[in-house]
Amino acid sequence: MDNTMNATLRYAVTAPNPQQLEGIKKLLSDKFEGAPIDIQCIQDPEVGGGFIVTCGNFEYDWSDKGRAKQLRAELNTIKTGLGTTDTGRIISMIRDKVENFELSVKDREVGTVSWVGDGIANVEGIDHAFYGEIIEFEDGTRGMAQDIREDHVGCILLGSDKGIREGSRAVRTYKEAGVPVGEGFIGRVVDALGTPIDGLGEIKESGYRAVEERSPGILERQSVNEPMETGILSIDTMFPIGRGQRELIIGDRQTGKTSIALDTIINQKGKGVICIYVAIGQKASTVSKIIQTLKKNDALKYTTVVCATAADTAPLQYIAPYAGTAMAEYFMYQGKDVLIVYDDLSKHAVAYRALSLLLERPPGREAYPGDVFYLHSRLLERSSKLSSDLGGGSITALPIIETQAGDVAAYIPTNVISITDGQIFLESDLFFAGIRPAVNVGLSVSRVGSAAQTKAMKKATGSIRVDLAQYREMAVFTQFSSDLDETTRKQLNHGDILMELLKQPLEHPLAMHEMVIILVAVGAGRMDDTPVRKIQEYKEKLITYFNTEHLDICKEITKGGDLPETLRRQILEAVDKFNSEIEVQ
Ligand code: ATP
Ligand code: MG
């Protein structure tokens with residue numbers, strides 16, 4: 001059988017001499033397992049100087065252009081590893097690179113675009129590309145190999161597809177898709193690829209991490225043991241979240257999902273937690289409002305906003321949460337605590353569906369591709385609490401899912417519910433009834449967080465969840481009866497007050513000691529004589545009173561994190577004093 005390989009050599013001016021030709025033949029022959037090589041030489045002025053040899057899917061670029069490109073790549077490595085502003089040193093580094101520059105004889109696998117559109121390009125000819133590899137197109141646009149088929153590779157484009165045509169060249173880079181990471185990203189707004197979009201100049205990166213990173217294994221983790229305080233009374237009392245936990249925020253549109261995530265970020269001020277807010281598929285105006293809120297509350301200083309708006313292509317929306325997680329991992333592996341919000345994963349799933357359909361993957365339930373569960377499980381598995389050996393850092397994830405008409409049993413909601421460690425279910429009915437945050441106490445749960453709740457909170461919370469459940473049941477039974485006995489009336493009144501207390505205005509997170517004081521007071525019935533409509537005012541005044549008059553008590557709760565009986569009595573004495581002094585009617 002004739003296994004001769006046909007190669008093409010393009011040159012601009014001078015054809016290679018026979019000796020050079022022999023050398024090239026030998027090189028190609030070694031590459032293709034000793035097959036005889038037949039070289040055809042073609043003159044092509046486009047080459048510039050030198051030659052370009054193509055054989056099969058491989059290309060050796062010894063042209064002037066190729067040399068310049070290799071040198072440019074070398075010089076780029078200086079830029080990333082710089083860390084100095086000394087010009088003399090920079091010049092000497094550049095000179096060093098240029099002088100020691102050696103043209104490598106590395107071959108590159110090259111293919112051609114067979115179809116392009118909607119942010120997707122199919123490339124034929126690059127047979128060895130791996131999943132997630134960066135593919136570079138003729139015009140400099142980069143893509144990521146996402147769908148590897150027998151006859152072509154489907155790439156999602158990480159830039160505009162305007163400069164790419166059918167027949168355009170595409171080259172393997174042998175590099176995994178990644179994003180720059182580092183401290184420089186804190187306080188900045190970036191796109192899904194880590195490029196700043198806030199007009200505050202370049203970001204100095206400290207490293208580069210693959211967007212698709214392996215999640216920590218069981219032995220590399222420990223169970224959650226530190227609280228991630230949201231500052232929202234109804235959540236921290238009944239559904240406490242621990243650092244390293246994944247708690248889903250789920251609800252219909254406009255039920256306050258984003259607000260809960262933002263309040264949680266705002267509450268991390270001074271707690272040493274780095275926050276990352278990933279906006280996926282939202283309107284740019286909404287994201288801009290969110291950034292304003294963070295700025296106003298001084299929370300942008302410790303937050304990175306990763307933004308892929310509805311106007312961005314599906315591939316960018318698809319990559320954004322992974323990129324945000326890569327940035328979070330950089331800090332987690334340094335032993336720091338990170339809070340990451342994915343707002344929202346419903347839109348993420350929709351973006352993934354769009355690009356999967358374009359990649360011609362078979363649609364399954366609700367037209368989502370078969371691996372849509374894996375899409376979110378491999379993302380959320382990366383949030384964890386690392387073992388002490390690895391520094392004990394953590395990523396706490398607050399993914400958000402939007403439901404349609406409260407249907408938590410739809411495909412994507414059930415998937416994400418089963419992946420996370422609990423969910424906070426927000427309900428439109430409650431929201432419109434003025435109960436905000438609209439947390440549905442019956443359907444919400446936090447499966448691991450109570451292990452991380454401070455003792456003080458645990459003791460102060462007591463049986464509030466059960467009390468509320470009983471109250472709701474009783475309220476239903478008694479809604480039509482007019483004359484109630486004294487005990488029932490009191491119980492109903494107490495429930496009304498509890499419900500009122502759990503209402504919380506936006507951007508007003510409560511500190512742990514404030515929650516403890518409120519809970520102790522209401523638990524001992526010290527608020528039962530206050531009219532329900534005055535409860536919010538009473539709460540505010542009580543907190544101010546403690547923060548100014550009883551700093552010792554506040555400090556003891558915060559420092560000790562416990563609530564011994566003596567301290568509880570001290571709190572109640574102070575509350576009684578407050579009640580006798582102040583008149584809220
Ligand atoms: P979307 O589905 O559009 O993303 P969402 O569920 O994220 O909405 P938010 O944007 O957080 O909801 O909130 C919707 C509206 O409700 C906002 O105008 C917000 O100001 C208001 N809101 C949310 N929480 C509260 C609260 N605790 N008190 C008062 N208003 C609130
Ligand atoms: Mg929202």
Side-chain angles (χ1 to χ4, degrees), residues 229-239 247-267 275-297 299 303 305-311 317 320-321 324 339-351 397-408 410 412-413 416 423-441 443-444 498-510 514-515 518 533 535-537 539-540:
E229 286 155 354
T230 64
I232 298 166
L233 190 62
S234 51
I235 295 175
D236 284 357
T237 50
M238 294 180 280
F239 317 105
E247 183 80 5
L248 171 65
I249 301 172
I250 185 166
D252 281 1
R253 55 178 297 280
Q254 290 288 305
T255 46
K257 303 184 294 298
T258 305
S259 302
I260 287 190
L262 285 185
D263 279 356
T264 308
I265 292 179
I266 291 168
N267 192 45
C275 302
I276 297 181
Y277 177 85
V278 188
I280 311 155
Q282 302 187 46
K283 280 186 295 189
S285 60
T286 314
V287 181
S288 136
K289 258 186 227 148
I290 288 166
I291 295 168
Q292 286 312 322
T293 308
L294 291 176
K295 248 190 214 157
K296 195 175 75 195
N297 289 285
T303 306
V305 178
V306 180
C307 179
T309 62
Q317 293 184 36
L339 169 73
I340 187 161
V341 176
Y342 306 109
D343 196 1
D344 64 55
L345 289 187
S346 311
K347 297 193 183 77
H348 184 234
V350 168
L398 293 180
I400 294 179
I401 284 280
E402 183 184 306
T403 51
Q404 309 290 332
D407 183 12
V408 280
I412 301 298
V416 183
Q423 72 274 349
I424 292 169
F425 182 56
L426 303 178
E427 215 170 23
S428 304
D429 290 350
L430 294 174
F431 189 85
F432 293 129
I435 299 171
R436 301 177 188 184
V439 179
N440 178 316
V441 178
L443 287 177
S444 301
L498 268 184
M499 291 297 282
E500 187 63 26
L501 259 188
L502 293 179
K503 290 183 191 169
Q504 197 168 332
L506 289 174
E507 297 160 37
H508 275 81
L510 292 169
E514 295 170 344
M515 293 193 185
I518 294 170
R533 66 194 156 78
I535 282 289
Q536 288 296 336
E537 192 187 332
K539 179 174 86 176
E540 290 295 321

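Both counts, for ligands and for their atoms, begin at 1 and track the order of listing. Just the heavy atoms: all of them, side chains too, but no hydrogens, waters or symmetry mates, feed the values below. Just so it is clear, the model here is predicted, and its values are computed rather than measured.
Partner of P437 under the side chain to side chain contact (heavy atoms under 4.5 Å, CB included) criterion, out of D263, T255, I260: I260 alone. Screening T286, T293, D343 for a side-chain hydrogen bond (donor to acceptor under 3.5 Å, both in side chains) involving T258 leaves a single residue, D343.
Counting protein heavy atoms only, atom 18 (O) of ligand 1 is closest to Q254 OE1, 4.6 Å. The protein heavy atom nearest to atom 25 (C) of ligand 1 is L506 CD2, 3.3 Å. The nearest heavy-atom contact from the protein to atom 12 (O) of ligand 1 is G256 N, 3.0 Å. The protein heavy-atom contact nearest to atom 28 (N) of ligand 1 is R436 CB, 3.7 Å. Looking from atom 23 (C) of ligand 1 to the surrounding protein, the closest heavy atom is S259 OG, 3.3 Å. Closest to atom 7 (O) of ligand 1, if we only count protein heavy atoms, is T258 OG1, 2.6 Å. Among all protein heavy atoms, the one lying closest to atom 16 (O) of ligand 1 is F431 CZ, 3.0 Å. Nearest protein heavy-atom contact of atom 27 (N) of ligand 1 is Q504 O, 3.0 Å.
Around the Mg ion (ligand 2), the protein N, O or S atoms found under 2.8 Å comprise T258 OG1.
In this structure, the separation between CD on E402 and NZ on K347 is 5.0 Å, given to the nearest 0.5 Å. Note: I235 CD1 to N267 CG = 10.5 Å, rounded to the nearest 0.5 Å.
Across all non-hydrogen atoms, the minimal contact from I250 to P413 is CD1-CB, 3.9 Å.
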